[in-house]
Engineer: 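First the structure, which I've put down as structure tokens, then a few questions once you've had a look.
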Amino acid sequence: MKTALTIAGSDSGGGAGIQADIKTFSALGVFGMSAITAITSQNTVEVRSVQLIDVNIINDQVAAVLEDIGADAVKIGMLATPDIIQTVAQCLKKYKPKHIVLDPVMISKGGHRLLEEDTMQELKSTLIPLASLVTPNIPEAEVLANMPIHNEPDMYEACRVIKKLGAQAVLIKGGHLQGNPNDLYYEGQTFQLFRGERIETKNVHGTGCTLSAAIAALLAKGKEMPTAIDEAKDYITNAIANSLNIGQGYGPTHHFYHLYECVT
Ligand SMILES: Nc1ncnc2c1ncn2[C@@H]1O[C@H](COP(=O)(O)OP(=O)(O)OP(=O)(O)O)[C@@H](O)[C@H]1O
Ligand SMILES: Cc1ncc(COP(=O)(O)O)c(N)n1
């Protein structure tokens, strides 16, 4: 069976972070493993508290998994401090996983900052160059590219700037723009627009986590990057279309078990 490791924060509400990633891996027929970087006390409305995990424990979790089991792909989510980023970067340099999908998580749907102020700079210089794919949403792409993004033409320009930070490829997610949620992919030569149709719902907690975890799972299964993104886009669209109206705030997406044949 193919394996995937998520290095991310825990969301007690189960909609985002580690929980969304593991549900996605399972639904796509990949064995999921985790290295928890932070424990958030979170629900559909708010983040109440955050306990960061000691960097030695983060390092140990990643090392324990990769030295014994290995991972066909790694997905990275919430990394709150420059120290945590450096620790994760050292692990990636040591174990050299084949596929690294980096979701540069900044702010929760409810508006809570999930990383410290100076962290984005560290992410830019230390981690993005190691990534097979970086998947910012519009506000994250604005920070990474250091420019405002108002429309699709701006997304093209931001892709070019972010690509120069050294990732193998960039996927800017269009969910935060008006109109249809189209995502733009760029690997340095050609652009590809992955089109979506907006589903009218407030239950979009964890959509970015789910998309990046689905891409990682599909890469683990041996798909080429554009195919993995295309199928992951279908997966997230379906998960949003069937999202759950639980809690008082932004409800979670719903993960269907695809009963994909497992590639052993
Ligand atoms: N209302 C919607 N209907 C259909 N697709 C959507 C909708 N909102 C977002 N998407 C898609 O979901 C994926 C995640 O995009 P989004 O821009 O929401 O990421 P995000 O802000 O990082 O998510 P989050 O921070 O909630 O984890 C993208 O493929 C985007 O196009
Ligand atoms: C632990 C963790 N990781 C990521 C997110 C982003 O997801 P969202 O923007 O949907 O709140 C989150 N809220 N919590």
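Counting starts at 1 for both ligands and their atoms, following the listed order. All heavy atoms count here, side chains included; hydrogens, waters and symmetry mates do not.
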Engineer: Among protein heavy atoms, which lies nearest atom 5 (N) of ligand 1, and at what distance?
Structural biologist: Pro181 CG, 3.4 Å
Engineer: Under 3.5 Å, N or O to N or O, is Thr40 touching ligand 2 that way?
Structural biologist: no
Engineer: Hey, any chance Ile57 and Ile36 share a hydrophobic cluster, counting ILVMFWY side chains that come within less than 4.5 Å of each other, even indirectly?
Structural biologist: yes
Engineer: Which residue supplies the protein heavy atom nearest to atom 27 (O) of ligand 1, what is that atom called, and how far is it?
Structural biologist: Gly208 N, 2.8 Å
Engineer: Give the residue, atom name and distance (to 0.1 Å) of the protein heavy atom nearest atom 9 (C) of ligand 1.
Structural biologist: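 Atom 9 (C) of ligand 1 sits closest to the protein heavy atom Gly175 CA, 3.8 Å.
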Engineer: Is a salt bridge present between Asp103 and Lys173, judged by a nitrogen-to-oxygen distance below 4.0 Å?
Structural biologist: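 Yes.
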Engineer: Check if Gly206 has a non-hydrogen atom at a distance under 4.0 Å from any atom of ligand 2.
Structural biologist: yes
Engineer: Evaluate Met106 against Val143 for side-chain contact (heavy atoms from CB on, under 4.5 Å), listing each step before the verdict.
Structural biologist: CA-CA 10 Å; Met106 255 172 42; Val143 172; 3.9 Å; yes
Engineer: Does ligand 1 have a heavy atom under 4.0 Å from the side chain of Glu200, from its backbone, from both, or from neither?
Structural biologist: neither
Engineer: Using a 4.0 Å heavy-atom threshold (strictly under), name the region of Cys209 that reaches ligand 2: side chain, backbone, both or neither.
Structural biologist: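 For Cys209, only side-chain atoms sit under 4.0 Å from ligand 2.
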Engineer: Out of Asp183, Ile240, Ile236, indicate the one that has the non-hydrogen atom closest to atom 29 (O) of ligand 1.
Structural biologist: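 Looking at heavy atoms only, the winner is Asp183.
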Engineer: Starting from atom 26 (O) of ligand 1, what is the nearest protein heavy atom, named by residue and atom, and what distance separates them?
Structural biologist: Lys109 NZ, 2.3 Å
Engineer: Begin from the C-alpha positions of Ser49 and Ser41 and carry the test side chain to side chain donor-acceptor pair (under 3.5 Å) through to its verdict.
Structural biologist: CA-CA 5 Å; Ser49 58; Ser41 309; 2.8 Å; yes
Engineer: Check whether the side chains of Tyr95 and Glu67 place a donor and an acceptor atom closer than 3.5 Å, and report yes or no.
Structural biologist: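 Yes - a donor-acceptor pair under 3.5 Å links their side chains.
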Engineer: What protein heavy atom lies closest to atom 21 (O) of ligand 1? Include the residue and the distance to one decimal.
Structural biologist: His176 NE2, 2.6 Å
Engineer: Determine, for Lys124 against Glu122, whether the closest basic-nitrogen to carboxylate-oxygen distance falls under 4.0 angstrom.
Structural biologist: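 Salt bridge between Lys124 and Glu122, a charged N being under 4.0 Å from a carboxylate O: no.
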Engineer: Does only the side chain of Asn137 get under 4.0 Å from ligand 1, or the backbone, or both, or neither? Count heavy atoms.
Structural biologist: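 The answer is the side chain.
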Engineer: Starting from atom 16 (P) of ligand 1, locate the nearest protein heavy atom and write down its residue, its atom name and how far away it is, to 0.1 Å.
Structural biologist: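 That would be Thr207 OG1, 3.9 Å.
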Engineer: Yes or no: does Gly206 have any heavy atom under 4.0 Å from an atom of ligand 1?
Structural biologist: yes
Engineer: Given that the side chain starts at C-beta and the backbone is N, CA, C, O, which of these parts of Ile199 lies under 4.0 Å from ligand 1, counting heavy atoms, or is it both or neither?
Structural biologist: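 Ile199 to ligand 1: contacts from backbone and side chain alike.
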Engineer: State the atoms of ligand 1, each with its element, that fall below the 4.0 Å cut-off from a heavy-atom position in Arg198.
Structural biologist: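 So the atoms of ligand 1 that pass are 1 (N), 3 (N).
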Engineer: Do we see a donor-acceptor contact under 3.5 Å between the side chains of Gln19 and Ser10?
Structural biologist: yes
Engineer: Which option out of Gly17, Gly249, Pro252, Ala80 puts a heavy atom nearest to atom 2 (C) of ligand 2?
Structural biologist: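 Closest candidate by heavy-atom distance is Gly17.
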Engineer: Between Tyr185 and Phe194, what is the ring plane arrangement, given parallel below 30°, perpendicular above 60°, and tilted in between?
Structural biologist: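 Perpendicular, since the angle between the ring planes exceeds 60°.
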Engineer: Near Val105, which atoms of ligand 2 are under 4.0 Å from a heavy atom of that residue?
Structural biologist: 4 (C)
Engineer: Pick one of side chain, backbone, both or neither for how Gln42 approaches ligand 2, counting any non-hydrogen atom pair under 4.0 Å.
Structural biologist: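 Side chain only; the backbone of Gln42 stays clear of ligand 2.
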Engineer: Do we see a donor-acceptor contact under 3.5 Å between the side chains of His254 and Asn203?
Structural biologist: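 On atom types as modelled, these side chains do not qualify, holding no pair under 3.5 Å.
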Engineer: Among all protein non-hydrogen atoms, which one is nearest to atom 22 (O) of ligand 1, and what is the separation to 0.1 Å?
Structural biologist: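 Of every protein heavy atom, Lys173 NZ, 2.7 Å lies nearest to atom 22 (O) of ligand 1.
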Engineer: Looking only at side chains, do Thr3 and Asp72 share a donor and an acceptor under 3.5 Å apart?
Structural biologist: yes
Engineer: Can you pull out the closest protein heavy atom to atom 5 (C) of ligand 2? Residue, atom name and distance to 0.1 Å, please.
Structural biologist: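 Going by distance alone, atom 5 (C) of ligand 2 is nearest to Leu114 CD1, 3.7 Å.
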Engineer: Are any of the N or O atoms of Asp11 closer than 3.5 Å to those of ligand 2?
Structural biologist: no
Engineer: Does at least one non-hydrogen atom of Ile107 fall below 4.0 angstrom from an atom of ligand 2?
Structural biologist: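 In this structure, Ile107 qualifies as a contact of ligand 2 - some heavy atom is under 4.0 Å.
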Engineer: Could you establish whether Cys209 and ligand 1 come within less than 4.0 Å of each other, counting only heavy atoms on the residue side?
Structural biologist: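 True for this residue.
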Engineer: Applying the side-chain contact (heavy atoms from CB on, under 4.5 Å) test to Ile215, which of Ile236, Thr24, Leu171 qualifies?
Structural biologist: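 With Ile215 as partner, Ile236, Thr24, Leu171 yield a single side-chain contact (heavy atoms from CB on, under 4.5 Å), made by Leu171.
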Engineer: Distance under 4.0 Å to a non-hydrogen atom of Val204: what atoms of ligand 1 satisfy this?
Structural biologist: 26 (O)
Engineer: Rounded to the nearest 0.5 Å, what's the gap from CD on Glu200 to CZ on Arg198? Could you check?
Structural biologist: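 Going from the CD atom of Glu200 to the CZ atom of Arg198 covers 6.5 Å.
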Engineer: Without hydrogens or angle criteria, can the side chains of Glu152 and Asn182 be said to hold a donor-acceptor pair below 3.5 Å?
Structural biologist: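 Present: a donor and an acceptor within the cut-off.
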Engineer: Within a distance under 4.0 Å of any heavy atom of Leu211, pick out the atoms of ligand 1 and give their elements.
Structural biologist: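 Once the distances to Leu211 are compared, the set is 29 (O).
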